[in-house]
Structure formats: C-alpha cells, structure tokens
Undergrad: 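One structure follows; several queries about it will come next.
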Protein chains: 2
Amino acid sequence: MNKKQLQSELTKKRIADAARVLFIQKGYKATSIEDIVEVTGSSKGNIYYHFKSKEGLFLYLVEEWDHDWEQKWFEKESKYETTIDKLYGIAEQMVLDDLNHPLTKAADEFFNNEEKTSDVEERLAEMVVRHLKFYEKLIREGMEKGEFKQDNVESLAVILEGLFFGLSQMSRKSSMKEALELYQLAVKVFLSGIASRSS
Amino acid sequence: MNKKQLQSELTKKRIADAARVLFIQKGYKATSIEDIVEVTGSSKGNIYYHFKSKEGLFLYLVEEWDHDWEQKWFEKESKYETTIDKLYGIAEQMVLDDLNHPLTKAADEFFNNEEKTSDVEERLAEMVVRHLKFYEKLIREGMEKGEFKQDNVESLAVILEGLFFGLSQMSRKSSMKEALELYQLAVKVFLSGIASRSS
DNA sequence: AATAATACTGAACGTTTATTCAGTATTCTA
DNA sequence: TAGAATACTGAATAAACGTTCAGTATTATT
C-alpha cells in the first residue's frame, strides 16, 4: 500500500470518527459539515471527496457500526451457555461497547425527519428488521430451551428493542458503571418482573 | 368575551394544534414555521404574534401536554385499586390519550440538540424529574402494599420511564390496538418477567 | 362615524448549511 | 525529472429557515 493510499485511509477514518462522535452528541441534523471541518481540520471539499454527501457519510457510519457490533457479538455468543446469560451479555456489550447503541437515535432522527429520497429508507428499515430478527431468534431459543415462558415472540422482541432503546436514552448522561447497573437490573426485570408473585 | 378575543383564542389553538401534530410527526428541528403556515393557513407573522418564538411555541405545547396528562391521570387514579392495575391504567392512558407520549421525543431532541440558551433546559429537566418522581411514588406504593418485591426504587423508575419511552418509539407506526397490546404485554413483562422460573 | 386597539399579512433580512468547483499541493509513475 | 494521478483547499452558490416589520384588515370603543 502506498504512502498516499495510507494517508487517504487515515484521513477518511479521521473524518468518520469525528463525524460519529458529533452525530452521537448532537444528532444528525444538528451536526453540520462545518462542525466536522472544525474538529478534523480537514476542509469541506475533502469531506466531500471522501464521502459523496452528508447522507452518504452517515450511512457509512451506520453500516460500519451495525457490521462491527454484530460481528463482535457473534464472536462472543458461544461463550454464553444459557439464553439468559446471553441477554446479560448483550446488555453488557451495549453499554461497554458504545454506551447505548449510539447511532440508533441519530438514525431514527434521520429516518423520520429526512425527505424520503433514494434507497436510504429501505436500508434503514432493513436494519430495524434485522434487530428484531436478532431478538426474536434469541427469545425463541430461550423458549425452546425452556428458559422462557411461551409467549408472542414478535411482540417480546419489539419490547426488548424498545426497552434497550429507551434505556439508552435514559442513560445518556450516566457513567458507564451506572449504565451497566441499570441495564443489568432492566434485564433482570425483563426476565423475572417486579411483582412479588407471578400471576 | 369578545368576538375578537374568541377568534384570537381559536387561532392560537389552531396554531398550537397544528404545531403539535407537526412536532410529533417530524420532530422539533425538522418542523419549520413554514410547515405550520401551510397547515394552518395563518401567516408567519401571525404565528409570531401569538407565540414569541419557535422555542416559545414548543414550550407552550410541552407545558400544556404535561399539565393535561397529569390532571387526567389523577382524576382516574382512585378508580384503580391495586398498584398493578394503576400500571396498566397508565399504559392505557399513554396509548389512548396520545399514542406515545408524543412530545417526549421532540422534547428530547430539543433538549439535546439546541444551544443551551435561556431557562429552557432547566424547565425540561424539571419535567424529567417530575416523571421519575411520579414512577417512584407508584413503585414505592406497590412495594409498601406488598405487590412488588423490594428493590432499588430510583433505578426501577428510570427503567420504567425508559421502557415506556422506548415503546413509544417502537409503536410510532402501529395502530392504537397494536400499541395497546404491546404496552399491556410490556407491563406484564415488567411485572412478571419472561423467565419460566424466577431466580 | 372616528379613532383606537387588536389581529393578521407577507415580503424582506440575516444567518446557517449542504454542496460544488476551479485551482493548488502532494505523491506516484515512467 | 516531467507529467499524470491523487489528495486536498476554501471561496462561492443556492436553498432553507427563524425572525422582523411596515403596513392592512377587522373589531372594539367613544
């Protein structure tokens, strides 16, 4: 690899990293290209040289994150024996990896606020479906193993996705330790409930 | 009351109602004054005649909603005997009243994205605290009655607030019926968990 | 009816922002 | 070393948006 190509990759990564932080902190729309210019030191033109558009830059980040997160989980998954342990493991990865699915909120804003142009909507919808499938598979596994009660798998997956999304909102200003404890308690509640006797 | 005053109040209400719908649908930043102009037929100047600014218009809606929701709940609360029933009642009111805490998302966007000017931040923070206190009181009551297991009240309140917030996100495109079923299942899970035997 | 007060209009202003592009600097190739 | 390819710059463009304001229409007051 060239010195030039190497430099180029580093620059692209530097832009992507800075943009990721900003999108997470400020959301999609509130993050301007100018913001990224200020943080990276790159010029506007250079950002557009590496990414076709703001939309393209954002999608790049989402796809990258989604890919990395799944990959990392699948590498760890086999180390957990029970489905219950997996649930705690997922919660842990969510907190430790990126303190709350960081781009989910920005992605949601993006998905809901932007003009419905191009294939972007389709790609993001696929992402949500993938998340739900991910949880459905887990919950179904737990039911088959007898760890979970029989119930509506699809709805439980939505609830779990919603719970984790909500928790990420609530713990945006928390420390990692606080967030982890919150997530763990939430998983415990999701598993056992808060009622003193089950109905 | 004058014919003029009446007309003025109606206009103000018309603007507020339209703005509420738009903020809910599109979020805070993505809703432009121009959007409100188009929907209401009022002019830009008229909107600024009735509300000092976009910020002021939004805060007006948040405060109005918060007030109405609490009032309505307190009127109903005594009709529920157990704390568990109250939880289901709250979920029901959330769905039926305004299909998902509608302004919470926009308020959150507002709170996180906007420049930290004025007393706005303070007022919104107070709102979140009020929500948590609301849930804390409920959970504490459930524990005192023996309906709930003893646990960290503050954290459970955060989880409950997070759960409801997350559910509202997930059911934005659902019908009222679907949303209600989802919320009810979520409350059931919050109470009893999904595990086949509690740990 | 005349004047004042209130309700409303919409063009104009200033700012912000995504995007482009003509040109410059750096590195590679032959 | 000459010229091509690549990486980068930053001023310019154009569109969008919140806000203002001078003026008009409507209703109230005397």
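No hydrogens, no waters, no symmetry mates; every other heavy atom, side chains included, goes into these values. Here is how names work: the chains are called A, B, and so on, in the same order as the sequence lines, proteins then strands, and each is numbered from 1.
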Undergrad: Does a side-chain N-to-carboxylate-O contact under 4.0 Å join B/Lys177 and B/Glu181?
TA: yes

Undergrad: Between C/dC8 atom P and B/Glu9 atom CD, what is the distance in whole Å?
TA: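 Whole-Å distance recorded here is 12 Å.
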
Undergrad: Is it the case that over 12 heavy atoms from other parts of the model lie below 6.0 angstrom from the NZ atom of B/Lys76?
TA: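 Count over threshold, so yes.
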
Undergrad: C/dT9 P sits how many Å from B/Gln7 CD, rounded?
TA: 11 Å

Undergrad: Has A/Thr11 got a side-chain N or O lying under 4.0 Å from the OP1 or OP2 atom of D/dC8?
TA: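 So the side chain of A/Thr11 is within the cut-off, an N or O lying under 4.0 Å from OP1 or OP2 of D/dC8.
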
Undergrad: Measure distances between side-chain N and O atoms of A/Lys4 and base N and O atoms of C/dT26, and say whether any donor-acceptor pair falls under 3.5 Å.
TA: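 In this structure, the two groups form a donor-acceptor pair.
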
Undergrad: Using heavy-atom distances to pick each residue's nearest nucleotide on DNA chain C, tell me which of A/Thr31 and A/Asn46 is more 5'.
TA: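 Per heavy-atom nearest nucleotide, the more 5' residue is A/Thr31.
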
Undergrad: Under 4.0 Å: is that the gap between some side-chain N or O of A/Lys44 and OP1 or OP2 of D/dG10?
TA: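 No, outside the criterion.
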
Undergrad: Need to verify one output field. Residue with the more 5' nearest nucleotide on DNA chain C, A/Asn2 or B/Gly45?
TA: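 Per heavy-atom nearest nucleotide, the more 5' residue is B/Gly45.
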
Undergrad: Nearest whole angstrom, please: distance from the C1' of C/dT17 to the OH of A/Tyr48.
TA: 8 Å

Undergrad: Between A/Arg140 and A/Glu154, is the closest basic N to carboxylate O distance under 4.0 Å?
TA: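 A salt bridge is present here (some side-chain N lies under 4.0 Å from a carboxylate O).
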
Undergrad: Rounded to the Å, how far apart are B/Tyr28 OH and D/dC17 P?
TA: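 My rounded result for the distance is 13 Å.
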
Undergrad: Between B/Tyr49 and C/dA7, is there a side-chain N or O to OP1/OP2 distance below 4.0 Å?
TA: yes

Undergrad: Which nucleotide in the set C/dC8, C/dT19, D/dA7 lies at the smallest distance from any side-chain heavy atom of B/Ser43?
TA: C/dC8

Undergrad: Among D/dT9, C/dA18, D/dG18, find the nucleotide with the atom closest to the side chain of A/Ser32.
TA: C/dA18

Undergrad: Looking at B/Asp17 and B/Arg14, does any basic side-chain N land under 4.0 Å from a carboxylate oxygen?
TA: no

